[in-house]
Amino acid sequence: MSLTLYNTLTRRKEPFTPIHPGQVTMYCCGVTVYDDCHLGHARSYMVWDVVRRYLQWRGYSVCYVQNFTDIDDKILNRAQAEGSTMQVVSDRYIAAYFRDIRRLNILDADEYPRVTEHIPAIHQLIQALENQGYAYAIEGDVYYSVQQFAEYGKLSGRQLEQMQAGAGGRVDPIDPEFKKKYPFDFALWKAAKPGEPAWESPWGQGRPGWHIECSAMIRARLGDAIDIHGGGGDLVFPHHENEIAQSEVLTGQPLARYWLHNGMVTVNGEKMSKSLGNFTTIRALLEGSWSDYPQPVDPMAIRLFVLQAHYRKPLDFTKDAIVAAENGWQTLKEGLTLDWQRLNLSPQMPIPNELDAESVNRFQTAMNDDLNTAAGLAVLFELAKTLKREFNLRCYQGLSELTDIQLHQRSQTLTHLAQILGLEIQSESIPESGVDVAWVEALLQQRQQARQEKRYAESDRIRNELQAIGITLIDQPDGQSRWHRS
RNA sequence: GGCGGCAUGGCCAAGUGGUAAGGCAAGGGUCUGCAAAAUCCUCACCCUCGGUUCGAAUCCGAGUGCCGCCUCCA
């Protein structure tokens, strides 16, 4: 049973075989750091996080690199608007990136290269391209000549003639800012305008173009050819197409064996994006400042929301979907946090036969099929519900359907599989509100007394009072009441 | 205009030839002083029209609708 992945390059699912057996090199395009990340970013990095976790679980050693683009017009604009520098702006949003992404339990990459750290490597690449006739310099700019690369368009499946013929008014060959010879040539190096931050180069003061950074950083950190290159579907063209053009003419080998692209997060069916202004930041969701649903969303619910859809499909972001994911997470969480004490069992019970093989197999089959996390989650939900049911049977009815060993086995299996999807109970996310436990217990005593004396108006009053401050009561058959925060 | 993708129950979403996973929600029964919790049960002619096949949500053709990319974008 082998892992298959959908490769954008071939438009097919292909069995995954890394260049070096047992080792995987993986690069994903990171963010341009000029603002907080939104849910679309979260989805992308969560997906690559799961790819990586799954590969590791399958026994591969994975080297995962994700860049920060810290030279860019938007960063510059922001810096100028606030009277600071690109470095200040990008440092700030890199910190914001880590703050948000870590809360979503996305594991850190092995390396986070920045463009500003790779200027010499970029120069080398451009120089080589120029020497070999793939690039030309004009007045301090350097452009890649796409017509020199016969395979240009192979990733995105387009042909230059067609693009030119059909692009309508969007291709503007007479833009005075550009001196390129052909409309689809793209900048490798841009001459600095007065007052802009600039780096010394063989072509004069300037800064790198958008696409060259990734070619340079992949080469510097991972080598000429990598196993997996990931990114949002909106990067297929031109960004990844251009990376291929830059790298492959020099190395003579495929830049990446597998090109993976995630689908967009949409809002009312439209892509979530900065320019449309329809984005919701990760921070807003976590903090509860999203206007459609002004309460903090559990990071794991966001994970569940994302992972319940297949990664290549568009995912529509709505309040209802988030609420459903929160409720769904609640169910999983109950399965993940059994009250072993109430079961009179030790959570550490040694188990002879480890995990539940059928669940693991089903999960693995789903994940092997191009990371079908939605189908994999079904296995988790079934485990969680089985556990919950067993717990209730034992606690409420004194019955049981599973042996202690089976119970432990399911529990461990659930925890184990959930971890592959990054679904884990985060201890700091358990809210410790300022409720005075002793006070609650005292009220409960009063209420129990009232119930015994059939003063139901009084008992209901107490229940309502507690409910109003977010405490839910559960009356048990023995007359005692449990309570939990709603 | 070109290239690519998607259309499955109230909502989300798997399923790529043998008669529809899972989640959320909803309805009903049991339990309960009433609730809650628990528990049991119920809930899909798979966008349309043709075709292939013993058999199609699944393959082929046509159509309709929606989305992405072709400009910065995860």
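Values reported hereafter were calculated over all heavy atoms of this structure, with side chains retained and with hydrogens, waters and symmetry mates removed.
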Using heavy-atom distances to pick each residue's nearest nucleotide on RNA chain B, tell me which of A:Pro314 and A:Tyr6 is more 5'.
A:Tyr6
Distance between P atoms of B:A25 and B:C12 (Å, rounded)
15 Å
Listed nucleotide nearest any side-chain atom of A:Arg11, set B:C70, B:A74, B:G4:
B:G4
Under 4.0 Å: is that the gap between some side-chain N or O of A:Asn392 and OP1 or OP2 of B:A37?
no
For B:U42, what is the paired nucleotide under Watson-Crick or G-U wobble rules, both distances under 3.5 Å?
B:A26
Check the phosphate of B:C12 against A:Lys313, side-chain N and O only, distance under 4.0 Å to OP1 or OP2. Yes or no?
no
Atom P, compared across B:G50 and B:A13: separation rounded to whole Å:
29 Å
Look at A:Lys385 and B:C24 and indicate whether a side-chain polar atom (N or O) is within less than 4.0 Å of OP1 or OP2.
yes
Partner lookup for B:G4, please. Criteria are Watson-Crick or G-U wobble with both distances under 3.5 angstrom; report none if nothing qualifies.
B:C67
Separation between the P atoms of B:C11 and B:A26, rounded to whole Å:
15 Å
Going by purine N1 to pyrimidine N3 plus the second Watson-Crick contact, or the G-U wobble pair, all under 3.5 Å, which nucleotide sits opposite B:U16?
none
Hey, which of these two, A:Val379 or A:Gly157, hits RNA chain B nearer its 5' end, going by closest nucleotide?
A:Gly157
Checking only heavy atoms, does the side chain of A:Asp475 share a donor-acceptor pair with the base of B:A35 at less than 3.5 Å?
yes
